[in-house]
Amino acid sequence: MREIILHLGAPKAGSTFLQRAMLQNHARFATAGIAYPGGGGAHPGNAGEIAALDPDRFAALFAAAPRVVLSHEDLFALAPRGRALAQLARAQGVTVRLVCFLRPWSAFCFGDVSQHLKQHVERYIATRNPFDGLTVEDMAARRAASVDAATFLLRWVRLFPDAPLTLASHAAIPATMERLLGHPGLDWQVPRHLTNPSLRIADCEAIAALIRDGSPAAEVQSALREAHYRTDAPDPGRTPERIARIEALFAKHNRRLLDIWGFDNRLPADQTRPRIAASHRPASCATV
């Protein structure tokens, strides 16, 4: 029987780590009838183009094995990209299982700030306007207004009504994937620099100050390179007050995740029903 395990993200919740691990377990997968087809680009994800699937491309996914893992963090908010896959899987009797990993929203937002700096630093230097004039708190508020995790997941479940969704903490990626794949003992020792670790908020803000002050581009780029070596160091930019403010912005999102999915994405100290990983069908599918 052919099967697809479709990893939906979310962004900044260990997706690159998962993808790198899938790539480096190629030999183990080959003996177990599992495949992680290469995406063909620099990004380790392999599901960025699933919206363009046709019968031939769909069949090619199973060229190496009957069980396939597909992954891309951008899918999280973009359920329409899964329509072709849903139609082809249904027509050909292929089982699909959905999996999504989340992390507390303050960590997500801090990672989002880091990612914006990495991706847009040249534009920020050119305009002398880092983060387009937004503060960390502004960016978090914008995300709270646009990132509706419960609704995103409901849209995926509606595309694949027969597919159970496994929703788990980003900290449970190894245990969850090994359970879904039925293949314990995978190699999860991914070099940290390959996992796209987030820069410290203190470094992001210091680099933003350099840009606003009109520092030479070479100085800014040098500071950015150096910041990559401090990702494991304590981050004075992640203050308890800032964390609390950001978590409060996402309180309604956490309530919906609990009400619909039974999943608690609050900070561990605040959780009343901590969950490592569980398979869920939504308790409510109210129109969104």
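Nothing fancy with the numbering, it's 1 onward along the sequence.
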- request: Indicate yes or no: at least one non-hydrogen side-chain atom of L165 is less than 4.5 angstrom from one of W156.
  value: no

field: Nearest non-hydrogen partners of I50 and G82, listed with the distance
entry: CD1-CA, 4.1 Å

- prompt: Looking at side-chain heavy atoms only, is the closest gap between L199 and K118 below 4.5 Å?
  reply: yes

query: Can you name the closest pair of heavy atoms from A208 and P130 and give their distance?
result: O-CG, 3.4 Å

query: Ignoring hydrogens and geometry, is there a side-chain-to-backbone donor-acceptor pair from D138 to T135 under 3.5 Å?
result: yes

- prompt: Do F108 and L102 come close enough that some side-chain heavy atom pair is under 4.5 Å?
  reply: no

- request: Kindly indicate, with the supporting measurements, whether the criterion ring pair (Phe, Tyr, Trp, His ring centres under 6.0 Å) is fulfilled by F131 and Y124.
  value: CA-CA 7 Å; F131 305 114; Y124 294 159; 5.4 Å; yes

message: Take a 6.0 Å sphere around CZ of R230 and say whether it holds more than 12 heavy atoms from other residues, nucleotides or ligands.
response: yes

message: Tell me whether E219 at atom CD has more than 12 heavy atoms from other residues, nucleotides or ligands lying less than 6.0 Å away.
response: yes

Qualifying residue, where the test is side-chain hydrogen bond (donor to acceptor under 3.5 Å, both in side chains) with E73 and the options are H7, K12, Q19: Q19

- prompt: Tell me, do I34 and V68 make a side-chain contact under 4.5 Å, heavy atoms counted?
  reply: no

- prompt: Is any side-chain heavy atom of L85 closer than 4.5 Å to a side-chain heavy atom of F58?
  reply: yes

message: Which label fits F250 and W105: parallel for a plane angle under 30°, tilted from 30 to 60°, or perpendicular past 60°?
response: parallel

Ring geometry between F76 and F152 (parallel below 30°, tilted from 30 to 60°, perpendicular above 60°): perpendicular

task: Any chance you could lay out the side chain to side chain donor-acceptor pair (under 3.5 Å) test for Q115 and H120, step after step, and finish with the verdict?
output: CA-CA 8 Å; Q115 197 66 19; H120 303 294; over 6 Å; no

task: Using distance alone, with no hydrogens and no angle criterion, decide if R238 and S106 have a side-chain donor and acceptor under 3.5 Å apart.
output: no

- prompt: Under a 4.5 Å cut-off applied to non-hydrogen side-chain atoms, are H193 and H228 in contact?
  reply: no

message: Looking only at the side chains, is there a donor atom on one of Q24 and Q189 sitting less than 3.5 Å from an acceptor on the other?
response: no

message: If you define the side chain from C-beta out and look only at heavy atoms, does anything of W188 sit under 4.5 Å from E178?
response: yes

query: What are the two closest heavy atoms between D187 and R28, and how far apart are they?
result: CB-NH1, 3.4 Å

